[in-house]
Amino acid sequence: MARVVLQQITKTFQNQKVVKGLNLVIPDGSFTVLVGPSGCGKSTTLRMIAGLETATDGEIFIGSQSVNALPPGKRDVAMVFQNYALYPTMNVYDNIAYGLRNRGTSKKDCDVLVKEIAEIVGLADFLKRKPSQLSGGQRQRVALARAMVKKPKVFLMDEPLSNLDAKLRNQMRVELTSLHKQLGSTFIYVTHDQVEAMTMGDQIVVMSDGNIMQVAAPMDLYQEPENLFVAQFIGSPPMNIVPAEGRSDQLWGFRPEKAVLLPASVSPVSAEEMWTAKGQIVSREILGSDTLFHVETEKGRVIVKTETEEIGQYGSNVTVTVAKPHVYIFDRVSGKKVGRLAERGQVSALAGGVN
Amino acid sequence: MRKAATAHELPDTGQVRAQAASRPTSRPDMMTRLRPYLYLTPAMICFILFFFYPIGSIIYLSFQDWSLINLEAMEWVGLQNYTELVADQEFQQVLTNTLVFTFATVGISLAISFLLALWLNKKAKMYGIIQATVFSPHIISFVSVSMLWMWLMDPQFGLLNAVLEAVGLPGYTWLTDPSSALLSLILVNVWKGVGYNTLIFIAGLQSIPGDIYEAAALDRSPWWRTLTRITIPMLSPTMFFLFIINMISSSHAFDTIAIMTQGGPINSSNMLVYYIYEQGMDYYNGGFAAAASVILLLIVGVLTALYFLFMSKRVHYR
């Protein structure tokens with residue numbers, strides 16, 4: 001177990017900066033998820049921690065030791081790759097044992113450790129098989145076993161579930177979280193899937209264009225996004241963004257589930273405490289437990305998530321209302337969150353803008 | 001009035017099956033059975049005409065005493081050509097030369113190619129230029145290569161001796177000394193073959209996923225273990241392929257011998273294909289030439305079969 005610290009980490013590929021001076025502390029024993037769209041630099045960051053890429057600038061600490069000059073094998077980290085990267089010519093046993101043998105573990109100890117770990121991940125009956133004879137889920141377990149058997153200080157995982165089908169992915173998500181609790185090691189997990197990030201991580205690092213946009217716990221990230229990027233990246237469907245009323249330098253945003261749909265004929269009870277917009281339902285997505293209504297309003301198109309599908313049909317005229325405490329204010333230029341509509345501090349900012 | 005069934009009004013399939021079953025051998029069934037063979041016939045005719053017939057002919061001719069200048073005087077002699085060949089010291093030497101040449105050429109060429117491929121399997125522009133340079137001998141004809149090396153190996157005006165003399169070593173009679181003629185031919189064939197083999201090895205190396213090496217680096221795998229446990233096993237299909245085609249082409253060496261040494265001096269660089277040519281075209285001994293051809297076919301066949309038998313288990317196909 002160890003904490004990982006990144007200090008001003010930069011990576012440049014052919015004069016193009018893909019990671020731009022990251023500062024990040026990954027606490028000891030945490031499950032930290034690096035999440036962001038493709039090309040945001042999350043995998044490069046992970047690979048720099050692993051030692052598979054050299055940082056152009058900055059320093060990486062694992063525990064108290066600077067690891068910039070250490071080769072991957074000496075950093076005491078283990079990595080699970082997106083394509084598992086199993087050794088195709090070796091059987092499951094040798095795949096798991098390979099790292100141990102290179103560390104000088106005796107054959108006898110090696111045997112005990114491999115069999116122990118194979119039992120934990122449910123591979124005891126498959127030790128003689130080659131990776132090509134295993135299913136995707138079993139290969140994933142071999143990759144995990146290979147990482148676990150070395151008992152590393154830090155586990156690095158680069159989109160390890162992306163090659164699995166939806167059902168197996170859900171199952172593995174649960175297994176990985178319980179494995180983390182069981183081992184208590186530091187896990188650094190890279191994904192572009194915000195559902196994976198929200199369900200697995202206890203610290204989420206949202207990245208965009210080589211920068212960290214926000215570091216927070218899942219619910220903090222959801223409820224208190226620091227900027228427009230995080231507000232729109234985290235949450236499905238994303239936050240609705242509408243023009244601020246009376247302020248051209250601001251944008252307002254609200255979560256689809258915080259909005260309420262009313263028939264056009266009904267007036268909101270306390271209209272002054274609400275953001276309201278009249279519009280027409282242009283499409284409807286029934287998700288089972290919830291329904292998404294796409295509403296074309298006078299203030300732009302918004303999505304409303306409700307528990308009932310009865311409220312409106314395609315073409316119905318409706319009023320969208322959102323309680324002001326649920327409306328976030330963002331700076332239009334910097335994208336940073338300024339506050340919420342109903343917060344006392346924002347009253348002056350809204351003067352003349354809101355009725 | 002009953003309407004005739006159209007294509008859209010298909011009868012019940014059960015009824016059709018019952019009708020079909022009641023007919024002992026219907027015409028469509030016969031056609032269905034014959035169709036694959038009919039499709040294969042043109043290819044089979046070519047195959048029989050250009051592969052089986054020549055092989056069959058050469059086996060038949062190897063049991064005859066005949067000459068190219070008097071084909072009518074062909075006489076059945078049974079195994080006599082074979083018994084005489086096997087007892088012939090010249091043939092024994094030719095056979096030994098062929099085996100030495102084949103294994104030395106294949107072994108040295110593959111070893112050098114593999115090492116070159118490991119070195120050249122990088123992305124920098126310089127390595128691309130070296131790759132092209134190494135490959136260039138492959139596109140030159142054997143005749144040109146032979147002429148070039150005859151000049152390089154010339155005892156008086158050749159570059160090789162000039163270099164040797166420049167560093168204080170005595171010159172060498174490369175092609176005119178019985179002890180070095182075969183070695184010289186091996187050198188030329190290795191030089192010509194290395195480029196092609198290197199290119200195929202590089203293609204094989206590039207097909208190994210990079211993340212496997214990254215996993216090995218995280219597993220603290222030392223370079224030699226990465227080479228023996230990961231690279232070589234994953235390259236085994238390429239090695240297997242190269243071994244077979246190199247062995248076949250080396251055992252069929254002709255051009256370099258015909259141009260550079262004519263099998264001499266004192267038969268020291270003579271090999272099976274050139275020997276067959278000599279027997280058939282120079283000495284008009286068709287029976288001997290045919291028998292030697294069959295022996296060559298057997299040697300290559302047996303070596304390939306043995307290699308498949310013992311080595312194919314070690315080949316890893318992904």
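Heavy atoms only: backbone and side chains are in, while hydrogens, waters and symmetry mates are out. Note on naming: letters A, B, ... go to the chains in the order of the sequence lines (proteins, then strands), and numbering restarts at 1 for each one.
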Looking at Y87(A), I'd like to know if the NZ or CZ of R146(A) sits under 6.0 Å from its six-membered ring centre while staying within 45 degrees of the ring's axis. yes

Please report the interatomic distance SG(C110(A)) to CG(D94(A)), rounded to the nearest 0.5 Å. 9.0 Å

The residue among L46(A), I49(A), V154(A) that forms side-chain contact (heavy atoms from CB on, under 4.5 Å) with M79(A) is L46(A)

Whether K150(A) and D219(B) form a salt bridge (side-chain N of Lys/Arg under 4.0 Å from carboxylate O of Asp/Glu) is what I want to check. yes

Counting a contact as any heavy-atom pair under 4.5 Å apart, which residues of residues 185-201 of chain B contact chain A? none

Please classify the contact of R47(A) with chain B as side chain, backbone, both or neither, using a heavy-atom distance under 4.5 Å. side chain

Here's a test for you: under side-chain contact (heavy atoms from CB on, under 4.5 Å), which of L176(A), V35(A), T191(A) qualifies with E196(A)? T191(A)

Proximity breakdown for V77(A) and chain B, heavy-atom pairs closer than 4.5 Å: both

Sort L100(A) into side chain, backbone, both or neither according to what part of it lies under 4.5 angstrom from a heavy atom of chain B. neither

Fit a plane to each ring of F254(B) and Y274(B), take the angle between them on a 0 to 90° scale, and name the class: parallel (under 30°), tilted (30 to 60°) or perpendicular (over 60°). tilted

Heavy atoms only: give me the nearest P160(A)-V80(A) pair and the separation to one decimal. CB-CG1, 3.8 Å

